[in-house]
S.K.: 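Handing you this structure, nothing more for now.
Residue numbers run from 1 in the order of the sequence given. Note that the structure is a prediction, hence the values are computed from the model and not measured.
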Amino acid sequence: MSLEAFHKQNKEDIRKLGEDRDLKKRSLDWLAEVSQERYSYHFTWLGLPIIQFPQDMVAMQEILWQVKPDLVIETGIAHGGSLILYASILELIGEGHVLGVDVEIREHNKKAIEAHPLFKRITMIEGSSTDPAVVGQVENFARDRKKILVVLDSNHTHEHVAGELAAYAPLVSLGSYLVVFDTIIEDLPADFFPDRSWGPGHNPKTAVREFLKTTDRFVVDREIEDKLMITVAPGGYLKCVK
């Protein structure tokens, strides 16, 4: 089979997966069950905890290789595994930088990130991602960058994500992506996050839905979630088309 035929067959298979409601339901049930066991906390990328599902890690690798951004902006740093993931792909591409923003960068995490061989491609800003002063720093850092990709993965309340979308969506380049993680919260039971300030009705997915009503620059790339089947970002892989 030629590579062209291989990709054509894949597209057809993915289309069928996307139409299989029963399989999607079972995938969601599985995701909800393993999440109770802190499944996403069990993985690392090149030595640092990443706190992501492996399926989404693969999707981000595919997007980065396709877009080849010269800047990736991510809100939410935690242990830094995602920063290292993006930096590692940019290192293979041979160019690009990662800018991480977090309201609190804990000292032990900061030291681990700074000690990593790929830190040369990483810059961190401490502060709220929706603080106008922080947004200004990010905008200054992004100035003159030609291909920018944005990942939102910090505070998951509707209000916070809506603020991030307003602040960072304008930075995303044509053909690149704005990825909003943890939209899955909308699809999980109301009591799934008893100790959190987000849940069904007020979460990243509700913010994305509201955002998409105000712009025609972005569309949901359904093919990504259809082929993953298991993702914490359903409806959250937004492609910039204008």
S.K.: Are the side chains of Pro49 and Tyr41 in touch, meaning some heavy atoms are under 4.5 Å apart?
M.R.: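 Not touching, per the 4.5 Å side-chain cut-off.
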
S.K.: Are Ile50 and Leu85 packed together at the side-chain level, in the sense that at least one heavy-atom pair is separated by less than 4.5 angstrom?
M.R.: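 When only atoms from C-beta onward are counted, Leu85 and Ile50 do touch, with a gap below 4.5 Å.
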
S.K.: Apply side chain to side chain contact (heavy atoms under 4.5 Å, CB included) to residues Asp216 and Lys242 and explain how you reach the verdict.
M.R.: CA-CA 7 Å; Asp216 62 354; Lys242 287 188 178 181; 2.7 Å; yes

S.K.: Assess the side chains of Glu225 and Tyr237: does a donor N or O sit below 3.5 Å from an acceptor N or O?
M.R.: no

S.K.: CD of Glu19: more than 12 outside heavy atoms within 6.0 angstrom?
M.R.: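 Counting neighbours around CD of Glu19, more than 12 heavy atoms of other residues, nucleotides or ligands fall under 6.0 Å, so yes.
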
S.K.: Mind checking side chain to side chain donor-acceptor pair (under 3.5 Å) for Arg143 and listing every partner two or more places apart, or none if nothing turns up?
M.R.: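 With neighbours one apart ignored, the set is Asn140.
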
S.K.: With rounding to the nearest 0.5 Å, note down the distance linking CG in Leu31 to CZ in Arg26.
M.R.: 14.5 Å

S.K.: Do Leu99 and Val67 sit in the same hydrophobic cluster, where Ile, Leu, Val, Met, Phe, Trp and Tyr count as joined when their side-chain heavy atoms come under 4.5 Å apart?
M.R.: no

S.K.: With heavy-atom distances below 4.5 Å as the criterion, would you say the side chains of Ile184 and Pro234 are in contact?
M.R.: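 SC-SC contact between Ile184 and Pro234 confirmed.
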
S.K.: If Ile, Leu, Val, Met, Phe, Trp and Tyr residues are connected whenever their side-chain heavy atoms lie under 4.5 Å apart, and connections chain through other members, are Leu118 and Ile113 in the same group?
M.R.: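 Leu118 and Ile113: one cluster.
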
S.K.: Which class fits the ring pair His97 and Phe141: parallel under 30°, tilted 30 to 60°, perpendicular over 60°?
M.R.: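 Taking Phe141 first and then His97, their aromatic rings sit tilted (interplane angle of 30° to 60°).
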
S.K.: Could you check whether Lys110 pairs with Glu104 (Lys NZ or Arg NE/NH1/NH2 to Asp/Glu carboxylate O, under 4.0 Å)?
M.R.: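 Salt bridge: no.
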
S.K.: Do the side chains of Asp20 and Lys24 get close enough for a salt bridge, i.e. N-O under 4.0 angstrom?
M.R.: no

S.K.: How about Asp221 and Leu238: do any of their side-chain heavy atoms sit closer than 4.5 Å?
M.R.: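 Not touching, per the 4.5 Å side-chain cut-off.
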
S.K.: Can you find a heavy atom in the side chain of Ile148 that is under 4.5 Å from one in the side chain of Pro69?
M.R.: no

S.K.: Quick one: closest heavy-atom pair of Asn203 and Gly199, and the distance?
M.R.: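 Smallest heavy-atom distance, with atoms named: ND2-O, 2.8 Å.
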
S.K.: Grab the two heavy atoms, one from Ser129 and one from Val134, that are nearest each other, plus how far apart they are.
M.R.: CA-CG1, 4.3 Å

S.K.: Step by step, would you call Thr231 with Gln55 a side-chain hydrogen bond (donor to acceptor under 3.5 Å, both in side chains)?
M.R.: CA-CA 6 Å; Thr231 174; Gln55 293 83 354; over 6 Å; no

S.K.: Could you report the tightest heavy-atom contact between Thr44 and Met57, atom names first, then the distance?
M.R.: O-CE, 4.4 Å

S.K.: Whether the side chain of Asp102 engages the backbone of Ile77 through a donor-acceptor N/O pair (distance < 3.5 Å, no angle test) should be reported.
M.R.: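 Indeed, once roles are kept as given, a pair shorter than 3.5 Å links the two residues.
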
S.K.: Output yes when a side-chain donor or acceptor of His116 lies under 3.5 Å from a complementary backbone atom of Leu48, and no otherwise.
M.R.: no

S.K.: Between CG of Asp70 and CZ of Arg145, what distance do you get to the nearest 0.5 Å?
M.R.: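 Reported to 0.5 Å precision, the distance equals 6.0 Å.
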
S.K.: For the pair Arg121 (side chain) and Ser88 (backbone), establish whether a donor and an acceptor sit closer than 3.5 Å, ignoring hydrogens and angles.
M.R.: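 Looks like no, no N/O pair under 3.5 Å.
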
S.K.: Hey, mind stepping through Arg15 and Glu223 against salt bridge (charged side-chain N to carboxylate O under 4.0 Å, His left out) and telling me if it holds?
M.R.: CA-CA 7 Å; Arg15 184 189 65 78; Glu223 184 174 279; over 6 Å; no

S.K.: With side chain to side chain contact (heavy atoms under 4.5 Å, CB included) as the test, would you mind laying out the steps for Val58 and Met60 before giving the verdict?
M.R.: CA-CA 5 Å; Val58 171; Met60 290 306 300; over 6 Å; no

S.K.: Under 4.5 Å between side-chain heavy atoms, hopping through other hydrophobics if needed: is there a path connecting Leu71 to Tyr177?
M.R.: no

S.K.: Have a look at Arg217 and tell me which of Thr214, Thr215, Val219 forms a side chain to side chain contact (heavy atoms under 4.5 Å, CB included) with it.
M.R.: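 For Arg217, the side chain to side chain contact (heavy atoms under 4.5 Å, CB included) check succeeds only for Thr215.
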
S.K.: Counting only heavy atoms not in Arg106 (residues, nucleotides, ligands), do more than 12 fall under 6.0 Å from its CZ?
M.R.: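 Not more than 12 within 6.0 Å, no.
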
S.K.: Crowded around Glu12 CD? As in, over 12 foreign heavy atoms under 6.0 Å?
M.R.: yes

S.K.: Do Ser40 and Gln52 pair up side chain to side chain, a donor and an acceptor below 3.5 Å, judged on atom types alone?
M.R.: no

S.K.: Could you check whether any side-chain heavy atom of Tyr168 comes within less than 4.5 Å of a side-chain heavy atom of Val135, counting everything from C-beta outward?
M.R.: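 Result yes, sub-4.5 Å side-chain heavy-atom pair found.
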
S.K.: For Phe211 and Phe218, I'd like to know if the aromatic rings sit close, meaning centre-to-centre distance below 6.0 Å.
M.R.: yes

S.K.: Which value, rounded to the nearest 0.5 Å, describes the distance between Gln9 atom CD and Glu4 atom CD?
M.R.: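 If we round to the nearest 0.5 Å, Gln9:CD and Glu4:CD are 13.0 Å apart.
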
S.K.: For Thr75, is there any backbone N or O sitting under 3.5 Å from a side-chain donor or acceptor partner on Ser154?
M.R.: no

S.K.: Applying side chain to side chain donor-acceptor pair (under 3.5 Å), can you list everything that pairs with Asp131, at least two apart in sequence or on another chain?
M.R.: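 Here no residue qualifies.
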
S.K.: Specify the closest pair of heavy atoms between Ser128 and His160, including all atoms of both residues, with the distance to one decimal.
M.R.: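 The pair with the smallest heavy-atom distance is OG-CE1, 4.0 Å.
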
S.K.: Out of curiosity, does Phe43 fall in the hydrophobic cluster containing Phe53 (side-chain heavy atoms, cut-off under 4.5 Å, transitive links)?
M.R.: yes

S.K.: So, taking the atom named CD1 in Ile14 and the one named NZ in Lys16, what distance separates them when rounded to the nearest 0.5 Å?
M.R.: 12.5 Å

S.K.: Is there a chain of hydrophobic side chains (I, L, V, M, F, W, Y, each step under 4.5 Å between heavy atoms) that links Ile93 to Val72?
M.R.: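 Cluster IDs for Ile93 and Val72 match.
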
S.K.: His156 and Asp182: side-chain donor and acceptor closer than 3.5 Å?
M.R.: yes

S.K.: Taking all heavy atoms of Lys147 and all of Lys68, pick out the closest pair and write down the distance.
M.R.: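 Heavy-atom minimum between the residues: CD-O, 3.6 Å.
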
S.K.: Might you work through the side chain to side chain contact (heavy atoms under 4.5 Å, CB included) test for Leu165 and Val180, ending with a clear yes or no?
M.R.: CA-CA 9 Å; Leu165 287 166; Val180 184; 4.0 Å; yes

S.K.: Looking at Tyr86 versus Trp45, is the centre-to-centre ring distance below 6.0 Å?
M.R.: no

S.K.: Give me the atom names and distance for the closest heavy-atom approach of Leu23 to Met229.
M.R.: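 Closest pair (atom of Leu23, atom of Met229, distance): CG-CE, 3.6 Å.
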
S.K.: Answer yes or no: is there an ion pair linking Lys120 with Glu91, defined by an N-O contact shorter than 4.0 Å?
M.R.: yes

S.K.: State whether the number of non-hydrogen atoms from other residues, nucleotides or ligands found under 6.0 Å of Gln36 atom CD is greater than 12.
M.R.: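 Yes - once you tally the heavy atoms of other residues, nucleotides and ligands closer than 6.0 Å, there are more than 12.
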
S.K.: For a side chain to side chain contact (heavy atoms under 4.5 Å, CB included) check, start with the C-alpha distance between Leu28 and Leu188, then their side-chain angles and the critical distance, and finish with the verdict.
M.R.: CA-CA 8 Å; Leu28 177 60; Leu188 296 172; 4.2 Å; yes

S.K.: With a 4.5 Å cut-off on side-chain heavy atoms, are Val151 and Ile73 touching?
M.R.: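 With C-beta onward as the side chain, the pair stays apart.
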
S.K.: Do Phe181 and Leu152 have side chains that approach each other closer than 4.5 Å (heavy atoms only, starting at C-beta)?
M.R.: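 No, too far: nothing below the 4.5 Å cut-off.
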
S.K.: Main chain of Ala78, side chain of Asn109: is a donor-acceptor contact present, judged purely on distance under 3.5 Å?
M.R.: yes

S.K.: Enter the distance from Glu159:CD to Thr130:OG1 here, rounded to the nearest 0.5 Å.
M.R.: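 Between Glu159 CD and Thr130 OG1, I get 11.0 Å after rounding to 0.5 Å.
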
S.K.: Strictly distance-based, threshold 3.5 Å: is any side-chain N or O of Ser173 a donor or acceptor partner for the main-chain N or O of Ser176?
M.R.: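 Here the side-chain-to-backbone pair does not exist.
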
S.K.: To the nearest 0.5 Å, tell me how far His158 NE2 sits from Arg209 CZ.
M.R.: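 Reported value, rounded in 0.5 Å steps: 11.0 Å.
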
S.K.: Would a distance-only check, ignoring hydrogens and angles, find a side-chain to backbone donor-acceptor pair under 3.5 Å from Asp56 to Val232?
M.R.: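 Yes; at least one donor-acceptor contact below 3.5 Å.
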
